[in-house]
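Throughout, protein chains are lettered first and strands after them, A, B, ... in sequence-line order, and every chain is numbered starting at 1. What you see below is based on every heavy atom in this structure, not just the backbone, and it leaves out hydrogens, waters and symmetry mates.
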Amino acid sequence: MDDGRISRHGSGAKLWLAGGWLLLALLAAIFAPLVAPQDPLAQDLMLERLPPFWMSGAEPGYWLGTDSLGRDLLSRLIFGARIAFIVAFAAATAACLVGSTLGLVAGYFGGWADRIISRIVDVWMAFPPVLFAILLVAVLGTGLSSVIIAIAVIDWTRFCRVIRAETMGQSRMDYVENARIAGYGRIGIMLREVLPNVVPSIVALLSLEMGIAVIVEAILSFVNLSISTDDPTWGGIIAEGRLSIHQAWWVLVFPLITLILTVLSFSQFGEGLKARFDPVLR
Amino acid sequence: MSACLDIRDLSAVLPNGQRVLRSVSLAVQPGEVRALVGESGAGKTMIGKAVLGVLPSSVRIVEGDMLLEGEDLGKLQPKARRTLIGARTALIPQDPLTALNPSRRIGPQMTDRLVRILGWSGEKADQRIRQLLDEVQIRDPDRVLKSYPHELSGGMRQRVLIAAAFAAEPRLIVADEPTTALDVTVQKQILRLIAQLQREHGTAILFVTHDLGVVAKISQKVSVLYAGKVVEEAETAALFAAPRHPYTRALMAATPRYADPLASLKPVDETVLAGLAAEIASADQGWRRPHG
Ligand SMILES: Nc1ncnc2c1ncn2[C@@H]1O[C@H](COP(=O)(O)OP(=O)(O)OP(=O)(O)O)[C@@H](O)[C@H]1O
Ligand SMILES: [Mg+2]
């Protein structure tokens, strides 16, 4: 009992920390034009490679320094968050809707529905995901919507597999049989009785997938397959920072930290929410 | 007066051709408690599931009829059958934890079902549920109705399930080893509760158990099942006075209270089981698999 309480407090703190960072980043993204100290695209060769604020040679107003074209790093990170969050929400939601629905159907109905869906998942997962993504973007053309579609098309299987297994476990429980005896229809039972029991897992996966989407978007930007190069993206900034690592390490390090914090927060937030949602764990 | 439940020559097979039920015939009269005993794997649960229309998809009924209050379940459309079973029957399950939905509070779980089966208003269903909770001696219905299943003790959960089973006034309740998952100290109370509610509501019960002590306490009639076959059927008192079938006698010898204490630890006699196996094998020979 005591152990439970300790771990619950631990997970509560994690939930708040992760949620706090995500909220901060989300607000910054939404109000980017208001909160960004500079124009993220404005180049000024007089201000190139300014160091972060605590180092000598820093200029006020350029808190995290500037890149090799004199653009303000903090402003670029803030505007980059916009694309990161759009991709995270849209791609993860799409993958979740498709994958969870198919997983629920396969797990609950079993039989041929399960065989067909499971076979599709197997075939799908035989493709290496990064190659798959690059291939898809090459076919669809670069751009925000292609990136979103590519991530959803690749990652729905992640939801499908987990939700199928969980649904199967739940469907074997006696409460499902009890609902059958009481005369409820199959689809009604699936939605009313089984679905609420897999929602915690869906929520956790959804949050995790948002983190994954952020990484995938960064990778695609890094290899220059994402959005047009004008708009700052975290992956794009990292790619540029890599080139000037010896002259201006901050251009690489700050976007990396931002990326890692965000991805970790998404996964921790999902786990924390799951624990909150689950009446048995709660 | 037609029987509440009438099973005639029911046979069921697994995909590999193995028979799980062999020409089972069994009737439960209105208001009667019929015990169904037999060792593990005999097919007791299968009979219950067949009646309630929830056999696993791998189990196929190959012959026989089931009549619920005179209505032939096999002749009804699936939807009509579901409605009939839902209105006339209920289950008191073995494991009260998994029989309740873990993510829903007790109250809505119970009332929803009444609203669904009887078409009552939520308020009326709630009153009815509270009345039943009182009958199963739950003293703090407000707390219980607001709880999630895992917040209650095993005995509490089983009380809730008993209340739920009787709430819609079914004609037949299938009780599948309703006390085996419980603490020994709670078992007696739960058994007494079921017997009491059964008497007050006049509900017929098909009571599955492998405890002959329970049989003696609660039932008027007994069917003894062995390897999917009813090997003996009798009034409970008569069965205990003079068990006719060798398997029944062996079962009694293996049950502590009904023999001398020294013999009580012996398992069912091997020679009896061997004889039974031979008998069933020869019966299977005469049985032809229907097409497919
Ligand atoms: N889902 C299933 N699919 C296929 N066969 C099953 C399934 N469940 C049980 N069986 C088989 O059917 C037979 C009868 O099982 P059943 O569960 O009815 O026994 P039981 O008399 O209720 O035993 P117990 O006292 O252990 O509950 C057994 O041989 C068992 O292996
Ligand atoms: Mg059983």
Side-chain angles (χ1 to χ4, degrees), chain A residues 1 4-5 8 100 104-116 118 163 165-204 273-282, chain B residues 45 48-49 51-58 78-106 108-110 112-119 146-151 157 160-161 164-165 167-168 170 172-174 176 181:
Chain A
M1 203 66 238
R5 217 163 277 151
R8 205 171 340 164
S100 301
L104 199 61
V105 167
Y108 182 69
F109 288 99
W112 58 264
D114 182 31
R115 278 197 290 277
I116 292 176
S118 296
I163 299 306
E166 291 232 344
T167 306
M168 247 179 192
Q170 291 293 333
S171 304
R172 273 195 286 270
M173 299 273 234
D174 290 345
Y175 71 83
V176 170
E177 188 172 281
N178 244 336
R180 286 292 286 159
I181 295 169
Y184 284 93
R186 309 266 290 172
I187 294 182
I189 294 175
M190 180 175 84
L191 297 178
R192 287 170 49 94
E193 304 277 338
V194 176
L195 181 59
N197 286 291
V198 297
V199 159
S201 293
I202 293 181
V203 169
L273 273 189
K274 178 176 176 167
R276 279 287 160 101
F277 262 86
D278 197 322
V280 182
L281 291 180
R282 186 166 41 201
Chain B
T45 297
K49 285 187 193 249
V51 171
L52 299 170
V54 288
L55 278 177
S57 55
S58 56
K79 187 122 189 254
R81 183 165 58 226
R82 285 252 71 90
T83 312
L84 184 74
I85 291 174
R88 305 278 173 83
T89 72
L91 172 71
I92 302 177
Q94 177 168 352
D95 183 353
L97 183 54
T98 70
L100 290 164
N101 192 330
S103 69
R104 300 182 65 201
R105 291 175 198 274
I106 301 287
Q109 280 195 59
M110 292 178 82
D112 275 11
R113 204 132 301 175
L114 278 190
V115 169
R116 156 103 195 174
I117 294 173
L118 302 174
K146 264 190 267 161
S147 303
Y148 286 95
H150 71 277
E151 293 167 346
R157 284 193 286 261
V160 164
L161 282 162
L172 174 75
I173 288 178
V174 176
D176 193 347

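- Of the inter-residue distances, the one linking A:Arg180 atom CZ with B:Ile85 atom CD1 reads 9.5 Å to the nearest 0.5 angstrom.
- Here B:Asn101 is the residue among B:Val54, B:Asn101, B:Leu100 with the most heavy-atom pairs under 4.5 Å with chain A.
- Put simply, the side chain of A:Tyr184 reaches to within 4.5 Å of the side chain of B:Asp112, judged on heavy atoms.
- If you measure heavy-atom distances from B:Leu84 to chain A, you find no contacts under 4.5 Å at all.
- By the 4.5 Å heavy-atom criterion applied to side chains, B:Leu91 and A:Glu177 are counted as neighbours.
- B:Arg82 places no side-chain N or O within 3.5 Å of a backbone atom of A:Gly185 that could act as its donor or acceptor partner.
- Contacts with chain A were tallied for B:Pro102, B:Ser57, B:Ala90; B:Pro102 has the most, counting heavy-atom pairs under 4.5 Å.
- For the set B:Gly86, B:Gly53, B:Ser103, B:Pro93, the entry with the most heavy-atom pairs within less than 4.5 Å of chain A is B:Ser103.
- Ranked by heavy-atom pairs under 4.5 Å with chain B, the first of A:Pro200, A:Gly183, A:Gly111, A:Gly110 is A:Gly183.
- Using a 4.5 Å cut-off between heavy atoms, A:Arg192 contacts chain B through both its backbone and its side chain.
- By the neighbour-count criterion of 12 heavy atoms within 6.0 Å, atom CG of A:Leu191 is densely surrounded, having more than that number from other residues, nucleotides or ligands.
- The distance from the CG atom of A:Asn197 to the CZ atom of B:Arg104 is 9.5 Å, given to the nearest 0.5 Å.
- Residue B:Lys49 touches chain A through its side chain alone, counting heavy-atom pairs closer than 4.5 Å.
- Atoms CE and CG, from A:Met173 and B:Asp95 in turn, are 9.0 Å apart once rounded to the nearest 0.5 Å.
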